Amino acid sequence: TRRNCFRDAAGRLLDCQWKLGVAVGADSCKSLRSPCVTMAVKVAEASGRIVCRTFEMTVPQFQNFYSQFKEMASLLETL
Amino acid sequence: MAGELEGSKSLSGLLSGLAQEAFHGHQGITEELLRSQLYPEVSLEEFRPFLAKMRGILKSIASADMDFNQLEAFLTAQTKKQGGITSDQAAVISKFWKSHKTKIRESLMNQSRWDSGLRGLSWRIDGKSQSRHSAQIHTPVAIMELEIGKSGQNQDQFRLWIKRTALCLKDKQASNLKGKYSLVFNLHNSGAPGWHSR
(Lines give C-alpha, C1' and ligand atoms only; values in the text may rest on other atoms or scores of the structure.)
Protein backbone atom coordinates (compact mmCIF):
# COMPACT_ATOMS: atom_id res chain seq x y z
CA THR A 1 0.00 0.00 0.00
CA ARG A 2 1.31 3.42 -0.81
CA ARG A 3 1.39 6.11 1.83
CA ASN A 4 -0.50 9.08 0.59
CA CYS A 5 -0.47 12.12 2.88
CA PHE A 6 2.44 11.86 5.26
CA ARG A 7 2.37 14.60 7.88
CA ASP A 8 5.71 15.11 9.53
CA ALA A 9 4.50 17.41 12.29
CA ALA A 10 2.30 15.86 14.92
CA GLY A 11 -0.98 17.57 15.75
CA ARG A 12 -2.22 17.96 19.30
CA LEU A 13 -4.98 15.60 20.32
CA LEU A 14 -7.96 17.73 21.33
CA ASP A 15 -10.68 15.19 21.72
CA CYS A 16 -11.38 11.54 21.15
CA GLN A 17 -14.97 10.33 20.75
CA TRP A 18 -16.13 6.82 20.17
CA LYS A 19 -19.21 5.05 18.99
CA LEU A 20 -20.06 1.41 19.32
CA GLY A 21 -22.32 -0.15 16.74
CA VAL A 22 -23.39 -3.57 15.65
CA ALA A 23 -24.10 -4.23 12.00
CA VAL A 24 -27.10 -6.53 12.30
CA GLY A 25 -27.44 -7.45 8.64
CA ALA A 26 -26.33 -6.52 5.16
CA ASP A 27 -27.29 -7.41 1.60
CA SER A 28 -24.45 -9.94 1.53
CA CYS A 29 -25.29 -11.47 4.89
CA LYS A 30 -28.64 -11.11 6.63
CA SER A 31 -27.32 -12.34 9.94
CA LEU A 32 -24.15 -10.28 10.36
CA ARG A 33 -23.99 -9.40 14.08
CA SER A 34 -20.69 -7.61 13.63
CA PRO A 35 -19.64 -5.20 16.40
CA CYS A 36 -17.62 -2.23 15.29
CA VAL A 37 -16.03 0.67 17.15
CA THR A 38 -15.82 3.98 15.30
CA MET A 39 -13.40 6.57 16.67
CA ALA A 40 -13.51 10.28 15.89
CA VAL A 41 -10.21 11.96 16.73
CA LYS A 42 -10.04 15.77 16.77
CA VAL A 43 -6.54 17.11 16.24
CA ALA A 44 -5.13 20.65 16.16
CA GLU A 45 -2.48 20.70 13.43
CA ALA A 46 0.68 22.78 13.72
CA SER A 47 -0.89 25.32 11.34
CA GLY A 48 -3.74 25.82 13.77
CA ARG A 49 -6.27 24.02 11.59
CA ILE A 50 -8.53 21.64 13.47
CA VAL A 51 -9.28 18.38 11.73
CA CYS A 52 -11.44 15.43 12.68
CA ARG A 53 -10.43 11.96 11.49
CA THR A 54 -12.70 8.96 11.80
CA PHE A 55 -11.86 5.29 11.50
CA GLU A 56 -13.37 1.93 12.32
CA MET A 57 -12.00 -0.93 14.34
CA THR A 58 -12.95 -4.55 14.74
CA VAL A 59 -13.04 -6.19 18.15
CA PRO A 60 -9.44 -7.49 18.07
CA GLN A 61 -8.20 -4.19 16.66
CA PHE A 62 -9.88 -2.22 19.41
CA GLN A 63 -8.48 -4.53 22.06
CA ASN A 64 -5.01 -3.95 20.63
CA PHE A 65 -5.63 -0.19 20.40
CA TYR A 66 -6.73 -0.14 24.01
CA SER A 67 -3.75 -2.15 25.25
CA GLN A 68 -1.38 0.16 23.32
CA PHE A 69 -3.01 3.11 25.07
CA LYS A 70 -2.54 1.50 28.45
CA GLU A 71 1.10 0.77 27.70
CA MET A 72 1.69 4.39 26.66
CA ALA A 73 -0.03 5.67 29.79
CA SER A 74 1.96 3.48 32.14
CA LEU A 75 5.25 4.40 30.45
CA LEU A 76 4.35 8.08 30.59
CA GLU A 77 3.64 7.75 34.29
CA THR A 78 7.20 6.65 34.94
CA LEU A 79 8.69 9.83 33.44
CA MET B 1 -24.05 -36.51 -17.54
CA ALA B 2 -26.42 -36.53 -14.60
CA GLY B 3 -24.39 -39.20 -12.80
CA GLU B 4 -21.35 -36.96 -12.74
CA LEU B 5 -23.28 -34.14 -11.11
CA GLU B 6 -24.83 -36.40 -8.50
CA GLY B 7 -21.46 -37.57 -7.33
CA SER B 8 -19.81 -35.71 -4.50
CA LYS B 9 -16.18 -36.06 -5.51
CA SER B 10 -15.74 -32.71 -7.22
CA LEU B 11 -18.30 -30.88 -5.12
CA SER B 12 -15.81 -29.85 -2.46
CA GLY B 13 -13.66 -28.15 -5.07
CA LEU B 14 -16.72 -26.51 -6.57
CA LEU B 15 -17.76 -25.07 -3.20
CA SER B 16 -14.24 -23.69 -2.70
CA GLY B 17 -14.39 -22.00 -6.08
CA LEU B 18 -17.85 -20.60 -5.36
CA ALA B 19 -16.73 -19.27 -1.97
CA GLN B 20 -13.69 -17.58 -3.53
CA GLU B 21 -15.87 -15.84 -6.08
CA ALA B 22 -18.90 -15.01 -3.93
CA PHE B 23 -17.28 -14.11 -0.59
CA HIS B 24 -13.56 -13.57 -0.93
CA GLY B 25 -13.74 -11.35 -4.02
CA HIS B 26 -11.60 -13.55 -6.24
CA GLN B 27 -12.04 -12.39 -9.82
CA GLY B 28 -11.88 -14.71 -12.78
CA ILE B 29 -13.57 -17.83 -11.44
CA THR B 30 -15.98 -18.32 -14.28
CA GLU B 31 -18.55 -21.10 -14.67
CA GLU B 32 -16.56 -22.41 -17.64
CA LEU B 33 -13.42 -22.60 -15.52
CA LEU B 34 -15.22 -24.55 -12.80
CA ARG B 35 -16.87 -26.86 -15.31
CA SER B 36 -13.70 -27.65 -17.24
CA GLN B 37 -11.64 -28.21 -14.08
CA LEU B 38 -14.14 -30.16 -12.00
CA TYR B 39 -16.86 -31.53 -14.29
CA PRO B 40 -15.20 -31.86 -17.72
CA GLU B 41 -17.63 -34.58 -18.87
CA VAL B 42 -20.68 -32.39 -18.23
CA SER B 43 -22.04 -29.95 -20.82
CA LEU B 44 -22.30 -26.28 -19.97
CA GLU B 45 -26.11 -26.40 -20.39
CA GLU B 46 -26.37 -29.10 -17.75
CA PHE B 47 -23.73 -27.58 -15.51
CA ARG B 48 -25.24 -24.11 -15.32
CA PRO B 49 -28.39 -24.94 -13.29
CA PHE B 50 -26.38 -27.27 -11.05
CA LEU B 51 -23.91 -24.48 -10.31
CA ALA B 52 -26.75 -22.04 -9.64
CA LYS B 53 -28.31 -24.50 -7.20
CA MET B 54 -25.07 -25.00 -5.26
CA ARG B 55 -24.34 -21.26 -5.25
CA GLY B 56 -27.84 -20.60 -3.91
CA ILE B 57 -27.46 -23.18 -1.15
CA LEU B 58 -24.05 -21.82 -0.10
CA LYS B 59 -25.29 -18.22 -0.08
CA SER B 60 -28.36 -19.18 1.99
CA ILE B 61 -26.18 -20.89 4.57
CA ALA B 62 -23.73 -17.97 4.74
CA SER B 63 -26.42 -15.30 4.78
CA ALA B 64 -28.19 -16.89 7.73
CA ASP B 65 -24.88 -17.76 9.40
CA MET B 66 -26.33 -21.16 10.18
CA ASP B 67 -25.24 -23.05 13.25
CA PHE B 68 -24.92 -26.80 12.95
CA ASN B 69 -28.51 -27.58 13.96
CA GLN B 70 -29.91 -25.11 11.45
CA LEU B 71 -27.50 -26.44 8.82
CA GLU B 72 -28.61 -30.03 9.33
CA ALA B 73 -32.29 -29.09 9.14
CA PHE B 74 -31.72 -26.97 6.05
CA LEU B 75 -29.71 -29.64 4.20
CA THR B 76 -32.19 -32.39 5.13
CA ALA B 77 -34.96 -30.26 3.61
CA GLN B 78 -32.85 -29.82 0.48
CA THR B 79 -32.47 -33.59 0.10
CA LYS B 80 -36.25 -34.05 0.25
CA LYS B 81 -36.96 -31.39 -2.37
CA GLN B 82 -37.72 -32.16 -6.00
CA GLY B 83 -34.51 -31.41 -7.89
CA GLY B 84 -32.66 -30.98 -4.60
CA ILE B 85 -29.42 -32.57 -3.48
CA THR B 86 -28.34 -36.09 -2.58
CA SER B 87 -27.44 -37.04 0.98
CA ASP B 88 -23.81 -37.48 -0.11
CA GLN B 89 -23.81 -33.94 -1.43
CA ALA B 90 -25.42 -32.74 1.81
CA ALA B 91 -22.56 -34.33 3.75
CA VAL B 92 -19.95 -32.58 1.58
CA ILE B 93 -21.68 -29.20 1.97
CA SER B 94 -21.94 -29.69 5.72
CA LYS B 95 -18.25 -30.53 6.01
CA PHE B 96 -17.33 -27.54 3.84
CA TRP B 97 -19.34 -25.06 5.91
CA LYS B 98 -17.92 -26.36 9.17
CA SER B 99 -14.34 -25.86 8.02
CA HIS B 100 -14.79 -22.58 6.10
CA LYS B 101 -17.46 -20.82 8.14
CA THR B 102 -15.12 -18.57 10.11
CA LYS B 103 -13.21 -17.35 7.09
CA ILE B 104 -16.37 -16.73 5.06
CA ARG B 105 -17.93 -14.76 7.91
CA GLU B 106 -14.81 -12.65 8.22
CA SER B 107 -14.98 -11.80 4.51
CA LEU B 108 -18.66 -10.92 4.76
CA MET B 109 -18.01 -8.64 7.73
CA ASN B 110 -15.18 -6.91 5.87
CA GLN B 111 -17.46 -6.37 2.89
CA SER B 112 -19.93 -4.51 5.06
CA ARG B 113 -17.30 -2.12 6.45
CA TRP B 114 -17.33 0.91 4.22
CA ASP B 115 -15.46 3.49 6.25
CA SER B 116 -11.72 3.72 6.68
CA GLY B 117 -10.22 1.24 9.07
CA LEU B 118 -7.24 1.47 11.36
CA ARG B 119 -4.51 -0.19 9.36
CA GLY B 120 -1.51 0.64 11.48
CA LEU B 121 -0.62 2.08 14.85
CA SER B 122 2.74 2.96 16.33
CA TRP B 123 3.79 5.28 19.12
CA ARG B 124 6.72 6.64 21.06
CA ILE B 125 7.20 8.61 24.24
CA ASP B 126 9.28 11.78 24.08
CA GLY B 127 10.93 12.86 27.29
CA LYS B 128 11.80 16.39 28.29
CA SER B 129 12.57 18.79 25.49
CA GLN B 130 13.26 22.45 24.90
CA SER B 131 13.04 24.78 21.99
CA ARG B 132 14.56 28.10 21.02
CA HIS B 133 11.22 29.84 21.38
CA SER B 134 9.85 28.20 24.42
CA ALA B 135 11.42 26.84 27.56
CA GLN B 136 8.06 25.45 28.56
CA ILE B 137 8.21 22.22 26.56
CA HIS B 138 9.28 19.99 29.37
CA THR B 139 6.30 17.76 29.69
CA PRO B 140 6.70 14.20 28.46
CA VAL B 141 4.37 13.47 25.61
CA ALA B 142 3.18 10.41 23.77
CA ILE B 143 3.23 10.62 19.98
CA MET B 144 0.99 8.26 18.05
CA GLU B 145 1.15 7.57 14.36
CA LEU B 146 -2.06 6.19 12.90
CA GLU B 147 -2.49 4.78 9.45
CA ILE B 148 -6.07 4.74 8.25
CA GLY B 149 -7.63 3.74 4.98
CA LYS B 150 -9.49 1.08 3.10
CA SER B 151 -7.91 -2.13 1.89
CA GLY B 152 -6.59 -1.92 -1.63
CA GLN B 153 -6.50 1.88 -1.53
CA ASN B 154 -3.94 4.48 -0.54
CA GLN B 155 -3.46 4.81 3.17
CA ASP B 156 -3.49 8.09 5.00
CA GLN B 157 -1.12 8.63 7.87
CA PHE B 158 -1.30 11.20 10.60
CA ARG B 159 0.41 11.84 13.87
CA LEU B 160 -0.83 13.27 17.08
CA TRP B 161 0.66 13.96 20.45
CA ILE B 162 -0.86 13.68 23.85
CA LYS B 163 0.35 15.14 27.14
CA ARG B 164 0.50 12.89 30.16
CA THR B 165 -2.54 14.42 31.88
CA ALA B 166 -4.64 14.13 28.75
CA LEU B 167 -3.60 10.52 28.23
CA CYS B 168 -4.78 9.49 31.68
CA LEU B 169 -8.20 10.89 30.91
CA LYS B 170 -8.35 9.18 27.54
CA ASP B 171 -7.30 5.91 29.11
CA LYS B 172 -10.20 6.16 31.53
CA GLN B 173 -12.58 6.77 28.67
CA ALA B 174 -11.11 3.83 26.80
CA SER B 175 -11.50 1.52 29.80
CA ASN B 176 -15.18 2.51 30.09
CA LEU B 177 -15.52 1.58 26.48
CA LYS B 178 -13.70 -1.70 26.98
CA GLY B 179 -16.11 -2.71 29.72
CA LYS B 180 -19.15 -1.95 27.60
CA TYR B 181 -17.52 -3.52 24.61
CA SER B 182 -16.83 -6.78 26.45
CA LEU B 183 -20.47 -6.89 27.35
CA VAL B 184 -21.52 -6.56 23.74
CA PHE B 185 -18.92 -9.02 22.57
CA ASN B 186 -20.09 -11.64 25.07
CA LEU B 187 -23.63 -11.22 23.85
CA HIS B 188 -22.39 -11.71 20.32
CA ASN B 189 -20.47 -14.88 21.19
CA SER B 190 -23.15 -16.51 23.30
CA GLY B 191 -25.89 -15.68 20.84
CA ALA B 192 -28.06 -14.42 23.68
CA PRO B 193 -30.79 -12.15 22.37
CA GLY B 194 -31.49 -8.66 23.59
CA TRP B 195 -29.41 -5.96 25.09
CA HIS B 196 -28.56 -5.23 28.69
CA SER B 197 -27.79 -1.70 29.83
CA ARG B 198 -25.10 -1.09 32.35
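Keep in mind that what you see is a predicted model, and the values were worked out from it rather than measured. For the numbers below, each heavy atom of this structure counts, side chains included, while hydrogens, waters and symmetry mates do not. Convention: sequence-line order gives letters A, B, ...; per-chain numbering from 1.
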Give a yes or no on whether Q70(B) atom CD has more than 12 heavy-atom contacts from other residues, nucleotides or ligands under 6.0 Å away. yes

Gap between atom CG of L146(B) and atom CZ of F65(A) - 0.5 Å precision: 6.0 Å

Nearest-0.5 Å distance that lies between atom OG in S34(A) and atom CZ in R105(B): 7.5 Å

Mind checking the CD-CD1 spacing from E71(A) to I125(B)? Nearest 0.5 Å is all I need. 9.5 Å

Closest heavy-atom contact between A10(A) and I143(B)? CB-CG2, 4.2 Å

Given I148(B), which partner from the list M39(A), E56(A), R53(A) fulfils the side chain to side chain contact (heavy atoms under 4.5 Å, CB included) test? R53(A)

Over all atoms of both residues, closest heavy-atom pair of P35(A) and R113(B): O-NH2, 4.0 Å

Part of Q61(A) lying under 4.5 Å from any heavy atom of chain B: side chain

Measure V51(A) against the heavy atoms of chain B and call it side chain, backbone, both or neither at under 4.5 Å. neither

Assess whether atom NZ of K42(A) is packed by more than 12 heavy atoms of other residues, nucleotides or ligands within 6.0 Å. no

Given heavy-atom pairs under 4.5 angstrom as the criterion, report whether the side chain, backbone, both or neither of L121(B) touches chain A. side chain

Point-to-point distance, once rounded to the nearest 0.5 Å, from SG of C29(A) to CD1 of I104(B): 10.5 Å

Tell me which of these, A64(B), S122(B), S116(B), has more heavy-atom pairs under 4.5 Å with chain A than the rest. S116(B)

Looking at Q27(B), I want to see if its CD is surrounded by more than 12 non-hydrogen atoms of other residues, nucleotides or ligands under 6.0 Å. no

May I ask you to check whether over 12 heavy atoms, not counting those of K53(B), lie within 6.0 Å of atom NZ? yes

Using a cut-off of under 4.5 Å on heavy-atom pairs, state which of A44(A), S28(A), A26(A) scores highest against chain B. S28(A)

Once rounded to the nearest 0.5 Å, what's the spacing between atom CG of D115(B) and atom CE of M57(A)? 12.5 Å

Interface moiety of M144(B) toward chain A, non-hydrogen atoms closer than 4.5 Å: side chain

Mind checking the CG-OG1 spacing from L118(B) to T54(A)? Nearest 0.5 Å is all I need. 11.5 Å

